[in-house]
Amino acid sequence: MTARLNAEFVTDVLNMVDLIPTGRVASYGQIAKLIYRPHNARLVGKVLGKYGGKGHHPCHRVVTANGRLVPGWIDQRPMLEAEGVPFKDENHVDINHCRWQGL
DNA sequence: CGCTTGACTCGCC
DNA sequence: GGGCGAGCCAAGC
């Protein structure tokens, strides 16, 4: 995972998301930091929406730092719920309790 | 070639 | 504790 500005970045993001354990979620900033790009959190979401949606990566386990799910993606809630992720609201997960600590 | 937008984050009020 | 604004990077028009 080197500091690249192209496909390497995408590969690293997808790789990180793919290794998130079931019943656990990670925030965009968390992943961005793991790939040495703390300011590219927005890119993580963009990548997931493009490559993640096309590939077989558990992009549904990735939420915002606030624990909010993807706006417009209603299927994300039941998917996370089925994996054992506690929910605060219909659009917010208890990220404080299920945050991925794979650091 | 430059402005707009986006599955974000953090600081300030 | 919740709402608002600024910052950052990349892709699309």
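Protein chains get the first letters and strands the later ones, always in sequence-line order, with residue 1 at the start of each. Quick note: numbers below take in every heavy atom, side chains included, and nothing from hydrogens, waters or symmetry partners.
Counting heavy-atom neighbours within 6.0 Å of A:F87 CZ, excluding the residue itself, gives a total above 12.
Using a 4.0 Å cut-off, no side-chain N or O of A:K33 falls inside it from OP1 or OP2 of B:dC8.
Remark: P of B:dT9 and CG of A:L34 are 13 Å apart, rounded to the nearest angstrom. A:L43 places its CG atom 13 Å from the C1' atom of B:dT5, with the value rounded to the nearest Å. For the pair A:N40 CG and B:dA7 P, the interatomic distance rounds to 16 Å; values are reported in whole Å. Rounded to a whole Å, the CG atom of A:N96 is 11 Å from the P atom of C:dG1. To the nearest angstrom, C1' of B:dC10 lies 10 Å from NE2 of A:H39. Straight-line distance from the CG atom of A:N66 to the C1' atom of C:dG1: 11 Å, rounded to whole Å. A:I35 places its CD1 atom 12 Å from the P atom of B:dT9, with the value rounded to the nearest Å. For A:H92 and C:dG1, the NE2 to P distance is 15 Å, given to the nearest whole Å.
In the set C:dC9, B:dT9, C:dG12, B:dT9 carries the atom at the smallest distance from any side-chain atom of A:Y28. When distances run from any side-chain atom of A:C59 to the nucleotides B:dT9, C:dC9, B:dA7, the shortest one goes to B:dA7. Checking B:dG6, B:dA7, C:dC9 against the side-chain heavy atoms of A:K46 singles out B:dG6 as nearest. Checking B:dG6, B:dC8, C:dC9 against the side-chain heavy atoms of A:A41 singles out B:dC8 as nearest.
In terms of heavy atoms, A:V17 sits closest to A:P58 at O-CG, 3.1 Å. Residues A:C98 and A:R24 come closest through the heavy atom pair O-CD, 3.1 Å.
With hydrogens and angles ignored, the 3.5 Å screen pairs a side-chain donor or acceptor of A:Q76 with a backbone N or O of A:H60.
A salt bridge between A:R61 and A:E83 is present, with a side-chain N of the basic residue lying under 4.0 Å from a carboxylate O of the acidic one.
Heavy atoms of A:G49 sit under 4.0 angstrom from at least one base atom.
With hydrogens and angles left out, the side chain of A:R42 and the base of C:dC9 share no donor-acceptor pair within 3.5 Å.
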